[in-house]
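The structure appears right after this line, and notes come after that.
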Amino acid sequence: MLDSADQVVVDGPADRPRRFAGIANRETMRVVALAALVVCLTVFAQAKTGSFTDPTNLYILSLVLFPIAAVSAAQYFVLLVGGIDVSVGAAMTLAVVLMSSWATAGSVATVLLAGAVVALVLGVVVGGVNTFLVERLRIVPVIATIATMGIVGGVCYMLRPTPSGAIAPALGDALMLTTVGPIPAALVVLGLLFVVVDVVLRNSGAGLRMRAVGLDSQYADRLGVPARRVRVACYLLCSALAGVGGVILAAQVGVGDPNVGSSFTLLSIAAPILGGAALQGGRGLLIGSLLGTVVLVISQNLVTLLALNDGVSLVLPGVLTLLALMSSSDGAVKLWLWRARPRGHGETG
């Protein structure tokens, strides 16, 4: 905040409950604004094309959205505690490659169990490497996870130098062909889980501890919150959820491809940032991340429907992420307030 002398003042202990309440209000407003934006984009797209809300198009959009929603949830938990994980795309690829070896045949129950094992393995191994680099060696998260991304990517190429290894069709039947209207039933379940987890995190000690660590790790430590353990848990959870996203992607591609997840890293960061998460940590909702994913997917679909240059679909996520960061940055707000303050007669900008 700013005092009467136009100096930046760090929040004291008495200000923090008010700060939590203010963040909660801003998160709710962001979700409402995103929902309104989704409606506006849908109306615009339908008016321009006449076919945007056709069941076939909605089903295709849902398939595109499904793995992005899962990996964005993975990134959300790391962002919440003030970290970042750029290895999630590589983790998704490794999940696809492992599924092409471990789930080549069998019933729905068998392949889903294989998917659960893959997610657990990735959570322990990839998440464990990230936590060791970040928490033990004290490497900056973005650098540490870039290193992990390179290692995991190399392992993918060692296991599958070229796309090969058919994945059991039962996985696609379970995750894509069972629908509620034009939407895959598994995606509906995922959305409901996001709502439930948001409610739990808003009203539980675990959720408050995550936010406290993200907002001010040192202050959380002084309150008795085990900040390091909270961050470790979030990195492990992030890799496991990236594995879930990889299993969903495996159901769609049907083969072990060593490059298939490379495009998901930026999207995994863009969606939660659009949804209200912050690189500083302590902010955001899973449902906001899901709505951010919807905005990204609709925007990219509009590029195709309006016959725009394909490069626009690559530029859009970056531009939307920058706009979201600018709109949610505390530093930007403070700078704007400082620039807008009344000035003395002899003061210049």
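Taking hydrophobic clusters as Ile, Leu, Val, Met, Phe, Trp and Tyr residues chained together by side-chain heavy-atom distances below 4.5 Å, Val244 shares a cluster with Val108. Hydrophobic clustering (side-chain heavy atoms under 4.5 Å, transitive across Ile, Leu, Val, Met, Phe, Trp, Tyr) groups Val195 together with Leu291. Residues Leu65 and Leu192 share a single hydrophobic cluster, defined by chaining ILVMFWY side chains whose heavy atoms lie under 4.5 Å apart. Leu266 and Phe77 end up in different hydrophobic clusters when Ile, Leu, Val, Met, Phe, Trp and Tyr side chains are linked at under 4.5 Å. Hydrophobic clustering (ILVMFWY, side-chain heavy atoms < 4.5 Å, transitive): Leu267 and Leu187 are in one cluster.
Put simply, the side chain of Met92 does not reach to within 4.5 Å of the side chain of Val260, judged on heavy atoms. Side-chain contact between Asp257 and Arg160: absent, with no pair of heavy atoms (C-beta onward) separated by less than 4.5 Å. Residues Gln252 and Leu249 meet the side-chain proximity criterion, which asks for heavy atoms closer than 4.5 Å. In this structure, the side chains of Leu193 and Val189 come closer than 4.5 Å at one or more pairs of heavy atoms. Looking at Val134 and Ile139, their side chains never come closer than 4.5 Å, going by heavy atoms from C-beta outward. With a 4.5 Å cut-off on side-chain heavy atoms, Thr145 and Val78 do not count as touching. With contacts defined as side-chain heavy-atom distances shorter than 4.5 Å, the pair Val255/Ile167 does not qualify. Side-chain contact between Tyr76 and Leu237 is absent, with no heavy atoms from C-beta onward closer than 4.5 Å.
For the atom pair CG (Leu302) and NZ (Lys48), the distance works out to 10.5 Å, reported to the nearest 0.5 Å. The line from CZ of Arg283 to CZ of Arg26 is 6.0 Å long, rounded to the nearest 0.5 Å. Leu61 contributes atom CG, which lies 4.5 Å from atom CG of Asn301 (distance to the nearest 0.5 angstrom). In this structure, CG on Leu290 lies 7.0 Å from CG on Leu190, to the nearest 0.5 angstrom. Leu236 CG to Leu122 CG: the interatomic distance, rounded to the nearest 0.5 Å, is 12.0 Å. How far CG of Asp85 is from OG of Ser268: 7.5 Å, rounded to the nearest 0.5 Å.
Summarising the geometry of Met149 relative to Ser87, their closest heavy-atom pair is N-CB, 3.8 Å, with the distance given to 0.1 Å. Of all the heavy atoms in Pro161 and Pro258, the pair that sits closest is O-CG, 4.1 Å. What you find for Val88 and Cys238 is that their closest heavy atoms are CG1-SG, 3.6 Å. Closest of all the heavy-atom pairs between Ile248 and Ala70 is CD1-CB, 3.9 Å. Contact record, Gln75 with Ile269: NE2-CG1, 3.7 Å, taken as the closest heavy-atom pair. For the residue pair Thr93 and Gly261, the shortest heavy atom distance occurs at OG1-N, 2.9 Å.
For Tyr59, the OH atom counts as densely surrounded, since its 6.0 Å shell holds more than 12 non-hydrogen atoms of other residues, nucleotides or ligands.
With hydrogens and angles ignored, the 3.5 Å screen pairs a side-chain donor or acceptor of Arg211 with a backbone N or O of Gly284. Between the side chain of Asp198 and the backbone N or O of Ile287 there is at least one donor-acceptor pair closer than 3.5 Å.
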message: Working note: Leu41 + Val294, criterion side-chain contact (heavy atoms from CB on, under 4.5 Å); need CA distance, chi angles, decisive distance, verdict.
response: CA-CA 10 Å; Leu41 286 174; Val294 175; over 6 Å; no

task: Test Thr131 against Arg136 for side chain to side chain donor-acceptor pair (under 3.5 Å), laying out the working first.
output: CA-CA 7 Å; Thr131 55; Arg136 286 288 185 182; over 6 Å; no

message: Show, in sequence, the C-alpha distance, side-chain angles and deciding distance for Tyr157 and Asn259, and conclude whether the side-chain contact (heavy atoms from CB on, under 4.5 Å) test is met.
response: CA-CA 8 Å; Tyr157 271 101; Asn259 295 304; 2.3 Å; yes

Asp54 and Leu58: CA distance, side-chain angles, deciding distance, side-chain contact (heavy atoms from CB on, under 4.5 Å) verdict: CA-CA 6 Å; Asp54 287 353; Leu58 292 179; over 6 Å; no

message: Before you tell me yes or no, could you show the steps for Leu79 and Leu279 under side-chain contact (heavy atoms from CB on, under 4.5 Å), namely the whole-Å CA-CA distance, both residues' side-chain angles and the distance that decides it to 0.1 Å?
response: CA-CA 6 Å; Leu79 289 172; Leu279 294 178; 3.8 Å; yes

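Under the 3.5 Å distance criterion, with hydrogens and angles disregarded, no donor-acceptor pair is assigned to the side chains of Ser204 and Arg209.
The residues Glu135 and Arg229 are annotated as not salt-bridged, no charged nitrogen and carboxylate oxygen being separated by less than 4.0 angstrom.
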